[in-house]
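Notes follow the structure.
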Amino acid sequence: MMKKIPTSHPRYLSLVTREQISEAMRHGIVHETGLIAHGRGEAFDYLLGETTIPPADVAEKIAASTLLCAKNPVISVNGNVAALAADVCISLAKSIPAKLEINLFHRTSVRIKKIAAFLRKKGAKTVYGLNPNAKIPGLDSDRALCEKEGIFTADIVLVPLEDGDRCQALQRMGKTVIAIDLNPLSRTAQAASITIVDNVTRAVPRIEHWIHELKDTKRSDLDKLIKTWDNTKNLAEVLSFISKRLNSLF
Ligand code: PTJ
């Protein structure tokens with residue numbers, strides 16, 4: 001049972017989110033190490049001020065432009081993403097449109113089935129990842145397992161809360177990887193084609209906002225926008241934002 005948190009608590013949203021993720025762990029959706037990953041994410045979110053910072057919003061706009069130009073875009077879902085952002089991922093997938101594929105680091109068929117049932121209950125029609133028939137080359141973990149119609153042939157993959165290895169392996173396959181990671185120093189953040197340093201709960205709805213804003217934009221104009229993107233420069237802006245913010249606090 002979810003613990004009741006008083007709405008007057010100054011850390012209400014954070015505490016509710018913790019309850020949400022620990023309940024999802026009790027239901028077998030989140031892996032126990034997902035709680036550790038969440039704690040690390042919380043710490044970095046504090047540094048950002050728990051808000052979408054301007055360089056993240058630029059990354060979200062570029063991500064939306066890239067997804068709109070994609071031939072076979074796929075949103076990769078793991079335990080933490082299902083627990084915290086199932087509704088918004090389903091909604092984003094419909095708006096692009098993109099496919100949803102479950103891909104787990106700590107893969108068990110029981111967990112995959114539970115996450116698929118959870119996504120379907122929330123309105124997802126087709127969920128990939130249950131019957132993997134392909135492997136991402138050069139990756140030893142179970143994260144290599146994927147579906148031919150999904151991640152394997154995707155040109156653009158959106159990967160919230162990723163591990164660096166798969167991010168690099170997907171890029172070696174020639175794919176564009178859009179990562180959502182609160183830690184700008186992680187291997188994933190450093191390796192992705194487009195890194196969004198924001199909480200998945202804010203980033204996904206913000207990408208969808210940009211999808212609606214840009215839907216009628218000419219393809220050539222979207223291409224021009226995408227060409228302006230420099231991931232290293234954006235990460236430097238994120239770090240500069242954090243250090244200026246910390247300096248201004250005292
Ligand atoms: O469900 P599974 O089996 O696929 O496992 C998922 C986890 C998250 C356990 C697995 O992918 C993992 O161990 O991830 P890492 O290597 O701990 O990386 C997680 C990254 O996500 C860290 O850099 C965190 O800062 C970041 N993060 C955590 N929570 C959020 C987040 N980024 C965005 N939004 C969050 N809410």
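For this chain, numbers begin at 1 and follow the sequence in order. Whatever order the structure lists ligands and atoms in, that order sets their numbers, starting from 1. Side chains included, hydrogens not; waters and symmetry mates left out as well; all remaining heavy atoms used.
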Residues Arg187 and Gln168: closest non-hydrogen pair is NH1-OE1, 4.3 Å
Closest heavy-atom pair, Arg111 versus Thr108, reported as atoms and distance to 0.1 Å, is N-OG1, 3.1 Å
Less than 4.5 Å apart, any side-chain heavy atom of Asn103 and any of Asn78?
no
Looking only at heavy atoms, the pair that brings Leu235 and Ala189 closest together is CD1-O, 3.4 Å
- prompt: Taking C-beta and beyond as the side chain, do Leu170 and Leu139 meet within less than 4.5 Å on heavy atoms?
  reply: no
Which donor-acceptor pairs under 3.5 Å do side chains of residues 148-162 form with protein atoms, sequence neighbours excluded?
from   : atom 1 : to     : atom 2 : distance (Å)
Thr153 : OG1    : Asn72  : ND2    : 3.3
Thr153 : OG1    : Lys148 : O      : 2.6
Asp155 : OD1    : Lys71  : N      : 3.4
Asp155 : OD1    : Asn72  : N      : 2.9
Asp155 : OD2    : Lys71  : N      : 2.7
Glu162 : OE1    : Arg143 : NH1    : 2.7
Glu162 : OE1    : Arg166 : NH2    : 3.0
Glu162 : OE2    : Arg166 : NE     : 2.8
Glu162 : OE2    : Cys167 : N      : 3.4

Write out each pair where an N or O from ligand 1 and one from the protein are under 3.5 Å apart, with the distance.
from     : atom 1 : to     : atom 2 : distance (Å)
ligand 1 : 1 (O)  : Gly79  : N      : 2.9
ligand 1 : 1 (O)  : Arg111 : NH2    : 2.6
ligand 1 : 3 (O)  : Phe105 : N      : 3.4
ligand 1 : 3 (O)  : His106 : N      : 2.9
ligand 1 : 3 (O)  : Arg111 : NH1    : 3.0
ligand 1 : 3 (O)  : Arg111 : NH2    : 3.4
ligand 1 : 4 (O)  : Phe105 : N      : 2.8
ligand 1 : 23 (O) : Asp181 : OD1    : 2.9
ligand 1 : 23 (O) : Asp181 : OD2    : 3.4
ligand 1 : 32 (N) : Leu182 : N      : 3.2
ligand 1 : 34 (N) : Val200 : N      : 2.9
ligand 1 : 36 (N) : Asn199 : OD1    : 2.9

